Amino acid sequence: MNEPVLEVKNLSKIYKNLRAVDGISFAVERGEIVGLLGPNGAGKTSTINMILGLLEPTSGSVNIFGKDLKTHRSEVLSKVNFAAVYAQLPGNLWVGQNLLIFARLYGVPDPQKKVRETLKEFELERFAKTKTGFLSSGEQLRLSLAKSLLNNPGLLLLDEPTASLDPSTSQIVRSRIVNYAKKEQAGILWTSHDMYEIEEVCGRVLFISRGKILLEGDPKKLPAQYGKKNLEELFIAVAREPLTLHHSHER
């Protein structure tokens, strides 16, 4: 059996006396899109930052493509990428310049050709010579997603990737990422507060609350297992009454 793209084991992050992430374990397989769901402050972004090597775990391990992030950091991170609504690219550079700099940083072969293809694919050609800071929030997010695919990552981390997009653009972006995962057999970890989106794209979801993974399963079947109508109802229950939810299922 193939090695998972990502394997997280007993991962914890403690800030002074706050357990932001509390001993979580999960894996993401090749070609799989996994939703990481939970209320604000549940530990999602800390988890993503530890997987990206931006944050040192208090304990536990992160394996990417079967290799420990601690000991093979630059090797594994060269095949990982990331996009988020809050991670904007330098505003004083043109869109084309931003993509070219990142393509070179990632060691992409023939970076200029790759940038031309990427501008076209994400419908950013007309902005090639526009300063990134002048783009709308939705255009900036499209650029961030375009940047995140430059190095054909085997693991892609998306933190609310469609948060500032209109419904039509969201749908285009979603189908592009779903196709990418399938075609490249890439693993994707996706956080979102849009439950419709999660049902559309994710084969499996993990619900995190107060740093712990409470529930895991198929987003289309999970709500019924907990007596909820849909994923949104389940999300609200996780956010408000995580303990009762956990116990009601065990009974």
Side-chain angles (χ1 to χ4, degrees), residues 5 33 36 44-45 48-55 64 69 73-194 197 200-201:
V5 172
I33 302 180
L36 185 62
K44 302 185 302 293
T45 301
I48 282 180
N49 286 339
M50 286 190 279
I51 295 166
L52 285 168
L54 298 173
L55 201 55
I64 299 175
L69 177 61
R73 186 189 168 94
S74 57
E75 182 192 341
V76 298
L77 288 180
S78 68
K79 294 178 244 162
V80 175
N81 217 314
F82 166 72
V85 72
Y86 50 79
Q88 291 171 346
L89 301 185
N92 57 343
L93 294 178
W94 293 347
V95 165
Q97 287 172 327
N98 257 320
L99 289 175
L100 191 57
I101 287 166
F102 277 99
R104 287 186 171 139
L105 279 173
Y106 298 146
V108 171
D110 199 348
Q112 270 154 333
K113 180 171 179 256
K114 182 68 175 177
V115 167
R116 282 196 303 274
E117 290 168 359
T118 303
L119 285 168
K120 191 174 180 193
E121 190 190 338
F122 281 85
E123 291 161 29
L124 291 165
E125 285 168 299
R126 64 197 167 105
F127 301 115
K129 291 193 173 173
T130 301
K131 280 196 173 179
T132 300
F134 291 126
L135 300 181
S136 72
S137 56
E139 287 153 3
Q140 293 211 16
L141 199 48
R142 270 194 356 246
L143 175 59
S144 178
L145 283 161
K147 186 261 338 169
S148 75
L149 294 180
L150 280 171
N151 63 333
N152 288 351
L155 173 64
L156 185 59
L157 305 166
L158 301 173
D159 202 353
E160 302 206 34
T162 61
S164 54
L165 301 179
D166 64 68
S168 160
T169 314
S170 287
Q171 200 227 346
I172 292 165
V173 164
R174 279 199 297 270
S175 64
R176 207 157 273 168
I177 295 167
V178 168
N179 290 339
Y180 177 80
K182 212 175 281 174
K183 187 172 142 244
E184 302 293 333
Q185 282 298 288
I188 298 180
L189 189 63
W190 185 311
T191 85
S192 176
H193 286 142
D194 179 340
E197 170 170 286
E200 283 285 290
V201 299

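It should be emphasised that the depicted structure is a prediction, and the values quoted were computed from it without experimental measurement.
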Asker: To the nearest 0.5 angstrom, please state how far the CG atom of L135 sits from the CG atom of L141.
Answerer: 11.0 Å

Asker: Can you give me every donor-acceptor pair (side chain of residues 115-128, partner residue at least two apart or in another chain, under 3.5 Å) with its distance?
Answerer:
from : atom 1 : to   : atom 2 : distance (Å)
E117 : OE2    : K113 : NZ     : 3.3
T118 : OG1    : K114 : O      : 2.7

Asker: Using modelled atom types and a 3.5 Å cut-off, is there a donor and acceptor pairing between side-chain atoms of D159 and backbone atoms of T45?
Answerer: no

Asker: Would you call L77 and L69 a side-chain contact if the rule is heavy atoms closer than 4.5 Å?
Answerer: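 Of all side-chain heavy-atom pairs linking L69 with L77, at least one is under 4.5 Å.
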
Asker: Which heavy atom in V5 sits nearest to a heavy atom in G187, and how many Å separate them?
Answerer: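 Shortest heavy-atom contact: CG2-N, 3.9 Å.
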
Asker: Without swapping roles, check the side chain of K147 against the backbone of F82 for a donor-acceptor pair under 3.5 Å.
Answerer: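 Yes, the answer is positive, given that a donor and an acceptor are paired below the 3.5 Å cut-off.
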
Asker: Do T162 and E197 pass the side-chain hydrogen bond (donor to acceptor under 3.5 Å, both in side chains) test, and can you show the C-alpha distance, the side-chain angles, and the key distance before you say yes or no?
Answerer: CA-CA 9 Å; T162 61; E197 170 170 286; 2.5 Å; yes

Asker: To the nearest 0.5 Å, how far apart are CG in N98 and CG in L93?
Answerer: 4.5 Å

Asker: Take L157 and W190 through the test side chain to side chain contact (heavy atoms under 4.5 Å, CB included) and record every step on the way to the result.
Answerer: CA-CA 6 Å; L157 305 166; W190 185 311; over 6 Å; no

Asker: Does the side chain of L89 reach to within under 4.5 Å of the side chain of F102, using non-hydrogen atoms?
Answerer: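 Contact flag for L89/F102 side chains = yes.
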
Asker: Can you confirm whether E139 sits close enough to F134 that some side-chain heavy atom of one is under 4.5 Å from a side-chain heavy atom of the other?
Answerer: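 No, too far: nothing below the 4.5 Å cut-off.
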
Asker: With a cut-off of 6.0 Å (strictly less than), are more than 12 heavy atoms of other residues, nucleotides or ligands near NZ of K79?
Answerer: yes

Asker: To the nearest 0.5 Å, what is the distance between OG1 (T191) and CD1 (I48)?
Answerer: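 Taking OG1 in T191 and CD1 in I48, the distance rounds to 5.0 Å.
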
Asker: Has T169 got a side-chain atom pairing as donor or acceptor with L165's backbone, closer than 3.5 angstrom?
Answerer: no

Asker: Walk me through it: do N81 and L149 pass the test side chain to side chain contact (heavy atoms under 4.5 Å, CB included)?
Answerer: CA-CA 7 Å; N81 217 314; L149 294 180; over 6 Å; no

Asker: Measure the CG-CD1 distance between L36 and I188 for me, rounded to the nearest 0.5 Å.
Answerer: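 Rounded to the nearest 0.5 Å, the CG-CD1 separation comes out at 14.0 Å.
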
Asker: Should P167 and Q171 count as side-chain neighbours, where that means a heavy-atom distance under 4.5 Å?
Answerer: no

Asker: Counting distance only, does the side-chain N/O of Q88 pair as donor-acceptor with the main-chain N or O of Q140 below 3.5 Å?
Answerer: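 No; judged by distance alone, with no hydrogens or angles, the pair does not exist.
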
Asker: Can any side-chain N or O of N92 pair as donor or acceptor with the backbone N or O of G133 at less than 3.5 Å?
Answerer: no

Asker: For L99 and L150, what are the C-alpha separation, side-chain angles and deciding distance, and is it a side chain to side chain contact (heavy atoms under 4.5 Å, CB included)?
Answerer: CA-CA 8 Å; L99 289 175; L150 280 171; 4.0 Å; yes

Asker: Looking at R104 and P111, would you say the former's side chain and the latter's main chain have a donor-acceptor pair under 3.5 Å?
Answerer: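 Flag not set: sc R104 to bb P111 has no pair under 3.5 Å.
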
Asker: Less than 4.5 Å apart, side chain to side chain, heavy atoms only: is that true for I33 and V178?
Answerer: yes

Asker: About how many Å separate CD1 of I51 and CD1 of I64, when rounded to the nearest 0.5 Å?
Answerer: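 Reported to 0.5 Å precision, the distance equals 7.0 Å.
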
Asker: Taking C-beta and beyond as the side chain, do T132 and L143 meet within less than 4.5 Å on heavy atoms?
Answerer: yes

Asker: When you measure from the side chain of Y180 to the backbone N and O of S175, does any donor-acceptor pair fall under 3.5 Å?
Answerer: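 No.
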
Asker: Give me the atom names and distance for the closest heavy-atom approach of A186 to P153.
Answerer: CB-O, 3.6 Å

Asker: So does E160 get a backbone contact from the side chain of S192, meaning a donor-acceptor N/O pair under 3.5 Å?
Answerer: no

Asker: With heavy-atom distances below 4.5 Å as the criterion, would you say the side chains of Y106 and S78 are in contact?
Answerer: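 They are not in contact (no side-chain heavy atoms under 4.5 Å apart), so the answer is no.
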
Asker: Could you state the interatomic distance from CG (L156) to CD1 (I177), rounded to the nearest 0.5 Å?
Answerer: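 CD1 of I177 is found 6.5 Å from CG of L156.
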
